[in-house]
**Student:** 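Below you'll find the structure I mean.
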2 protein chains.
Amino acid sequence: MARKTGSHSEITGPRIREAALRLFARDGFAAVSMRQIAAEVGVQAGALYLYTPDKQTLLFDLLKAHMDDLIAAWQAEPVPATPTDRLEAFVRFHIRFNLDRPDAVFLSYMELRNLEPDNFAEIEALRRHYENRLEGILRDGQAAGSIAAPDTKLAALAIIAMLTGVNTWYREGGRLSRDRVGDIYWDMVRKAVAA
Amino acid sequence: MARKTGSHSEITGPRIREAALRLFARDGFAAVSMRQIAAEVGVQAGALYLYTPDKQTLLFDLLKAHMDDLIAAWQAEPVPATPTDRLEAFVRFHIRFNLDRPDAVFLSYMELRNLEPDNFAEIEALRRHYENRLEGILRDGQAAGSIAAPDTKLAALAIIAMLTGVNTWYREGGRLSRDRVGDIYWDMVRKAVAA
DNA sequence: GTCTATAGGTCGATAGAC
DNA sequence: GTCTATCGACCTATAGAC
């Protein structure tokens, strides 16, 4: 239990963030104490304040890092030639990316209300940026005649809500593989906005 | 500030539940104190315990009442003749019902994790019951040949996630009327599971 | 039915030793 | 870099007066 004396600055910071992510996702930001996070890492509560100015900043940094990862990962994906193929890539990317980091995804839509106004605005802007990437695909498809959505903004929100919902029920080793889930959702999305 | 002496038992109970619903939805169960709820109602914290045995039961009662309302309201809807018409009725019902009580809806998917295991299991069973009502419609349509879903269970979950998502962005007096939102979502759902 | 008072505990954050 | 100790505030829930 007792910590060995010594210097661990390079690894303690990341470990604090990992522990905070897991505990916030499991019990909720307000329900988790700094003492619990410290215990998980194996340090005393006071030591956390060498790595974060306060609990709020710890939450913000986790959400910010997740949104930056999400946007960078989508940016790094290859871009298929047609809007329909780009839409399929988006569907499969979103499911895969979210299933790979369920805690961060959960935190990002459960703990928004615990952000202070400025922090909230920054995360919201990133979320809207991501939604706009999808809406752009739908608009392109509409212009090309391959996609028909009654309202591209609502279609983008509806598709993202539907895809993110996978995280609430998917279990590794369950009835369906990830690829099969991707196939099923792509079938529904494709038809929902088919011309 | 000081309360007038007197008896108010018939109205204090409901007012406590209303205040708790609003505050839990706004700030989160763990972040709201019994003192805050009491202050909102205009009584002292100790008086709350005449109406609820503890904070956990207060949360459970709010979620249970919401799920019971939801299931009873859907049960009370007229039942159209064809599965496709029943699906349309479900889509419009779900959007309308949820937009009428955003706090209760928000609470019902944000605070599940703050329920103790037995309470959680009871709410989850009600949620599954509601999902199964939708899946039944999809199965009927599949059997009749008017609906084609690659997986009726996943289609039901996807549709509910998509519809519930409306609550996150809809604002009264905004760009779209409720009926128009219902039209747009029905268009997407209809096509998504079209035969 | 509501109040005041309080028991018994936890919290976030800081100070200062090592 | 981490620890121990602590401040001041707040928490849930209960006891007992009115």
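Order of the sequence lines fixes the chain letters, A, B, ..., with proteins taken first and strands second; residue numbering starts at 1 for each chain.
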**Student:** Taking A:Arg22 first and then A:Glu18, would you say they form a salt bridge - that is, a charged N and a carboxylate O separated by under 4.0 Å?
**Tutor:**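 Salt bridge between A:Arg22 and A:Glu18, a charged N being under 4.0 Å from a carboxylate O: no.
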**Student:** How many Å lie between CD1 on A:Ile37 and P on C:dT10, as a whole number?
**Tutor:**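 My rounded result for the distance is 17 Å.
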**Student:** Once the angle between the rings of A:Phe93 and A:Trp74 is folded into 0 to 90°, is it parallel (under 30°), tilted (30 to 60°) or perpendicular (over 60°)?
**Tutor:**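 A:Phe93 and A:Trp74: tilted rings.
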**Student:** Less than 4.0 Å between a side-chain N and a carboxylate O, is that true for A:Arg128 and A:Glu131?
**Tutor:**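 Looking at A:Arg128 together with A:Glu131, the answer is no, because their closest N to O distance does not fall below 4.0 Å.
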**Student:** Of all the nucleotides listed (C:dA13, D:dA13, C:dG1), which has the minimum atom distance to the side chain of B:Tyr49?
**Tutor:**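 Of the candidates, D:dA13 comes closest.
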**Student:** Could you tell me the separation between the CZ atom of A:Phe29 and the C1' atom of C:dG12, rounded to a whole number of Å?
**Tutor:**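 Atom CZ in A:Phe29 sits about 10 Å away from atom C1' in C:dG12.
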**Student:** Would you say B:Tyr51 places a side-chain N or O within less than 4.0 Å of OP1 or OP2 belonging to C:dT2?
**Tutor:**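 So the side-chain polar atoms of B:Tyr51 do come within 4.0 Å of the phosphate oxygens OP1 or OP2 of C:dT2, strictly under.
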**Student:** Using atom CZ of B:Arg15 as one end and atom P of C:dG1 as the other, report the distance to the nearest whole Å.
**Tutor:**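 Answer to the nearest Å: 16 Å.
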**Student:** Take the protein atom CG of B:Leu48 and the nucleotide atom P of C:dG1, then report the distance between them rounded to whole Å.
**Tutor:**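 Value for this atom pair: 14 Å.
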**Student:** Just the rounded figure in Å: distance from C1' of C:dT14 to CG of A:Leu50.
**Tutor:**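 So the CG-C1' distance, A:Leu50 to C:dT14, works out to 12 Å.
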**Student:** Can you tell me the distance, in whole Å, between the NZ atom of A:Lys55 and the P atom of C:dA13?
**Tutor:**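 After rounding, the reported distance stands at 8 Å.
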**Student:** Rounded to the nearest Å, what distance is computed from the CD atom of residue A:Gln56 to the P atom of nucleotide C:dC11?
**Tutor:**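 One finds 18 Å between P of C:dC11 and CD of A:Gln56, rounded.
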**Student:** Closest nucleotide of DNA chain C for B:Ala47 versus for A:Gln36: which of these residues is on the 5' side?
**Tutor:**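 Taking each residue's closest nucleotide, the earlier one in sequence belongs to B:Ala47.
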**Student:** Within the structure, does a side-chain N or O atom of B:Thr12 lie under 4.0 Å from either OP1 or OP2 of C:dG1?
**Tutor:**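 So the side chain of B:Thr12 is outside the cut-off, no N or O lying under 4.0 Å from OP1 or OP2 of C:dG1.
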**Student:** Nearest whole Å is fine: how far is D:dC3 P from A:Met34 CE?
**Tutor:**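 About 14 Å, once rounded to whole Å.
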**Student:** Does A:His94 have its ring centroid less than 6.0 Å away from the ring centroid of A:Tyr130?
**Tutor:**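 Ring centres of A:Tyr130 and A:His94 closer than 6.0 Å.
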**Student:** Are the aromatic rings of B:Phe97 and B:Phe90 close, with centres under 6.0 Å apart?
**Tutor:**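 No - the distance between ring centres of B:Phe97 and B:Phe90 does not fall below the 6.0 Å cut-off.
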**Student:** I want to confirm an ordering. Mapping A:Pro53 and A:Ala31 to their closest nucleotides on DNA chain C, which one lands closer to the 5' end?
**Tutor:**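 So the residue in question is A:Ala31.
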**Student:** Under 4.0 Å: is that the gap between some side-chain N or O of B:Ser33 and OP1 or OP2 of D:dC11?
**Tutor:**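 Yes, within the criterion.
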**Student:** Does a side-chain N or O of B:Gln44 approach OP1 or OP2 of C:dT2 to a distance below 4.0 Å, or not?
**Tutor:**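 The answer is no; no side-chain N or O of B:Gln44 sits under 4.0 Å from OP1 or OP2.
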